[in-house]
Amino acid sequence: MSFMNKYIPKEFEKKWVKEWKNKKLNVFDPDSKKKKYYVLVEWPYTSGDLHIGHWFTFTIPDVLSRYKRMNDWNVFFPMGYDAFGLPAENAAIEHKVHPQDWTMKNIATMTKQFQQMGTMIDWDWMTIACVPEYYRWNQWIFLKMYEQSLAFRGKALSNWCPSCQTVLANENIENGKCWRCGSQVIQKEVEQWFLKITEYAERLIWPDKPKASPERSRRVDWPISVRVGQNNWIGKSEGLIINFGGIEVFTTRPETIDGASFLVLSPEHPFVIKMTTKDNLNKVKKYFNQSTQKTEMERKENKDKTGVFTGSYVKNPVTGKKIPVWVADYVLFGYGTGAIMAVPAEDERDREFATKHSLPIIKTSLKAKPNGKKRSIYHLRDWSISRQRYWGTPVPMIHCPTDGIVPVPYKDLPVELPYEVDFTPHGKPPLATNEKWLNVKCPNCGKPAKRDAETLDTFFDSSWYFLRYVNPKYDRKPFDEEKVKKLTPVDVYFGGSEHTLGHTLYARFFTKFFHDEKLLNYDEFALQRVQHGVVLGPDGNRMSKSKGNVINPDDVVDEYGSDTVRLYLCFMMPYEGTSSWSTKTIAGVNRFLTRVWEIYQKQNQKSKIKNQKEDEKLVIKLKKTIKKVTEDIGNIKMNTAIAAMMEFLNEWERNPQELSKENAKKFLQILSPFAPFLTEEIWHSVFGEKNSIHLSTWPKVEGEIIEEEVTIPVQVNGKLRDTIKIQNSKVKSQKEVEKLALNSEKIKKYLTGKPKKIIYVPGKIINLII
RNA sequence: ACCGGGGUGGCGAAACGGCAUACGCGUAUGGUUUAGGACCAUAUGGGGUAAAACCCGUGGAGGUUCAAGUCCUCUCCCCGGUACCA
């Protein structure tokens, strides 16, 4: 063994990174005649150091991409950064670094680290959100949406710090208090920009059966959990709007109206003041103030079933009885009409409320047919997109004292984000602190006016970046329609399940908008969606610096090499899974690669032997392994693909010489998407190949794999009692199998006579019922 | 509270309704080694036995089926999301 080369990945991994770059191995050719395959991974946020989670998220798509390339697809696997957002601004406030400098530095660091992974990402297509060349098109899209009345000014409850006079992100609230000044945060109606996603609600609902994608035979096939999740989030309810003495309520169960024994208004409902009698006024006002201190979730939970009586009554339009009008914050103003009829006999929450406040519970006939207007309402709300923050796309609008809100003309785009601002202003957004930037002339009347000083939600950036990727330098429109036609839709979109209700829904909405604007000829941007899980720290907790359980990819790469880290991440769990990092298991995976290395070194020494005899069984095992790995990669089940290769190696090691060169190369090829460095090195040094293994053609298994002998389990009354072996040619004959089963000594013990019934599943199992 | 996803050996996990625990880790014993490590071999769900036989086993309770981790009903526990973190 001593004369053999040892597996030392450091000796060749860096070499191949350079070599592949020089040979332009991973350069994507958009004009290739091959069929395109667009692999998209959610662009990562520029948080700083590369996390082992990034490796996990990207390695599996990379394995798929490499596999697809070896199967003659023109694989497009671009990359970019989600670079706007709150953490950059938090860094600015806490550490006095400018968000732009912080972000750009992070991008440089992360890119360097990413390139170590050995992915086939072509970095020339890189797109980042925080540069004017990108965000000017956010502004362009915003203006188009404004023209279609899809972008509009509205009001919504927001987290409000009364002392800082500003809206707060959920993240910046600690135990209901502002993170900076410690004041109690309240819920306040704030005017802001919205996108009318509700106009697309109906079209965003997934059909029961996946629909065919236009111009392609492939179907849009998203996981059922995502489709159901989004549909529930859109939450369409069909029902009636019924008038109770001027108050409109929405109900999905109009037939229960004769059991409606009281009405409940949300505290913000405009009728509350009107309905409240003098002696109840103080009580109701106090209740309103209490409600502003609760988050929406606290309100929905409504643990204490709080509420107050207004002092007024309205007539139940069906029974004619007077029923009391109450105010309670478990009724939300933003949903339905902000008022409900309470039917405690039928509804759990209403019953609890009625019990708590001693309100009548009246049986319903379930036959009532009240008058009302049919209406569909949605749980989905319009998307609030303006943020009172700095690090984002400036809203391309101008506020003019004479002309009101005026859009920035297209020719004046981009509205560039100014560098100099105060990040901790009071009572106004950061952008408003730069007077030079803020003050402009009205494009309409030319008189002094002010820019809109708010920025767009970062989800705006990520709703269309996958279209920008196809030509990031295009300067006439957000995306190059010709290239988009050729390279999109996305074939498979990898990302986190936390984006089910946000990002992916918004991206679908944008796609439908572009379709309506005739910029796209399809209305679903990704044919397939795959959601990944989480790599936890070795202690089973989410990795965090404060817990000290963070695995730094650089360290493990240094210890084992990139291939081992990649292989371990593929092997540790299914892509959708969540489990903890194990320093022991990765050593085992490294052991596997070492054994692979060594068995090929032995091949090298014996390769001069002619007329090599192959072991038939081993060749069959190899064929089965190729088949299994091929299927598993296609189904993104990398962990079982690796298990199959491990099984094969275990067999092969028993007879290392009994596989031909040709077959030995095939095994190397199916391992290559997982361990691109080691396989490339062996491909060249052992087999003397001149071209890259990654451009070789994936091995095919022709025809059926036929084994001589098949093992069939024999059950008696459903319990396994023996197994029999039978020649493959006879396996289809139930008589032959029965004969063998009934002759087994082990089985005979259980038989008292002839079995009552025999069930034989050909090639699988035989069950004797006695 | 609501919506989605999960509970399988000591651990990470496999299993088109058809041999539960593949593959890997860990552990034990043996080999190799000056020693340790590394490596190699064998064993490894629990009970039971000299060894077998056999019995019990996929969070819990029922059900469907020749056959259930897998399908159905109820239930307990854990994770993610709930709209300004990305």
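Please read these numbers as outputs of a predicted model, since none were measured by experiment. Letters A, B, ... mirror the listed sequences (proteins, then strands); counts begin at 1.
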Reckon A:His503 touches a base, only the sugar-phosphate, or nothing at all at heavy-atom distances under 4.0 Å? nothing

Atom of A:His499, atom of A:Arg529 and distance for their closest heavy-atom approach: CB-NH2, 4.1 Å

OP1, OP2 of B:C25 versus side-chain N and O of A:Arg591: anything below 4.0 Å? yes

Gap in Å between the two P atoms, one belonging to B:C85 and one to B:C3, rounded: 23 Å

Does B:U82 pair with anything, Watson-Crick or G-U wobble, both distances under 3.5 Å, and if so, with which nucleotide? B:A1

Among A:Trp383, A:Tyr45, A:Tyr493, A:Phe510, which one satisfies ring pair (Phe, Tyr, Trp, His ring centres under 6.0 Å) with A:His503? A:Tyr493

Within the structure, does a side-chain N or O atom of A:Ser497 lie under 4.0 Å from either OP1 or OP2 of B:G4? no

Any strand, both distances under 3.5 Å, Watson-Crick or G-U wobble: B:G69 pairs with none

Looking for any heavy atom pair under 4.0 Å, which part of the strands does A:Met297 touch: base, sugar-phosphate only, or nothing? base

Side-chain heavy atoms of A:Phe142 within contact of A:Trp193, under 4.5 Å: yes

Sugar-phosphate, base or nothing in reach of A:Ile586, heavy atoms under 4.0 Å: nothing

Heavy-atom closest pair (A:Asn90 atom, A:Trp179 atom, distance to 0.1 Å) is OD1-CH2, 3.3 Å

So, does A:Arg542 get its side chain near the phosphate of B:G80, meaning an N or O under 4.0 Å from OP1 or OP2? yes

With rounding to the closest Å, how many angstrom separate the P atoms on B:G7 and B:C16? 14 Å

Between B:C11 and B:G60 - P atom distance, rounded Å: 15 Å

Atom CE of A:Met573 and atom C1' of B:C11 are separated, to the nearest Å, by 15 Å

Give a yes/no answer on whether the side chain of A:Lys746 brings an N or O atom under 4.0 Å of OP1 or OP2 in B:C54. no

Taking the P atom of each, how far is B:C66 from B:A61, in whole Å? 23 Å

For a quick check of understanding: with a heavy-atom distance under 4.0 Å over all strands, which category does A:Trp383 fall into, base, sugar-phosphate or nothing? nothing

In the structure shown, which nucleotide is the Watson-Crick or G-U wobble counterpart of B:G26, with both distances under 3.5 Å? B:U44

Under 4.0 angstrom, heavy atoms only, what part of the nucleic acid is A:Arg654 near: base, sugar-phosphate, or nothing? nothing

With C1' as the reference atom in both, quote the distance from B:G18 to B:C55 in angstrom, rounded to an integer. 22 Å

Quick one: is B:A15 close enough that its OP1 or OP2 comes under 4.0 Å of any side-chain N or O from A:Lys637? yes

Separation of A:Lys6 atom NZ from B:A38 atom C1', in whole Å? 10 Å

When the ring planes of A:His532 and A:Phe56 are compared, do they come out parallel, tilted or perpendicular, using 30° and 60° as the limits? perpendicular

Over 60° means perpendicular and under 30° means parallel, so classify the ring planes of A:Trp652 and A:Tyr600, tilted if in between. perpendicular

Taking atom P in both B:A43 and B:C25, compute the distance separating them and give it to the nearest angstrom. 15 Å

On a whole-Å scale, what distance lies between the P atoms belonging to B:U58 and B:U21? 14 Å

What integer number of Å spans the P atoms of B:A15 and B:C71? 14 Å

Measure across A:Asn549 and A:Ser544 and return the closest heavy-atom pair with its distance rounded to 0.1 Å. OD1-N, 2.9 Å

Taking only the side-chain nitrogens and oxygens of A:Asn90, find out if one of them lies under 4.0 Å from OP1 or OP2 of B:C85. no

Under 4.0 angstrom between A:Asn639 side-chain N/O and B:A14 OP1 or OP2: yes

Using a 4.0 Å heavy-atom cut-off across all strands, classify A:Pro44 as base, sugar-phosphate, or nothing. nothing

Syn versus anti for B:G9, judged by chi lying within 90° of 0? syn

Any idea which heavy atoms bring A:Thr103 and A:Cys130 closest together, and the distance? CG2-SG, 4.2 Å

Least distance between heavy atoms, A:Gly763 atom then A:Val731 atom: CA-CG2, 3.8 Å

In the structure shown, which nucleotide is the Watson-Crick or G-U wobble counterpart of B:C16, with both distances under 3.5 Å? none

Below 4.0 angstrom from OP1 or OP2 of B:A86, is there any side-chain N or O of A:Thr458? yes

Below 30° counts as parallel, above 60° as perpendicular, anything between as tilted: where do the rings of A:Phe353 and A:Tyr330 land? tilted

Whole-Å distance, A:Asp457 CG to B:C85 P, equals 9 Å

Would you mind pulling out the nucleotide paired to B:C39, Watson-Crick or G-U wobble, both distances under 3.5 Å? B:G31

List, with names and distances, any nitrogen or oxygen atoms from the protein found under 3.5 Å away from nitrogen or oxygen atoms belonging to nucleotides 61-67 of chain B.
{"from": "B:C66", "atom 1": "O2'", "to": "A:Asn767", "atom 2": "ND2", "distance (Å)": "3.3"}
{"from": "B:C66", "atom 1": "O2", "to": "A:Asn767", "atom 2": "ND2", "distance (Å)": "2.7"}

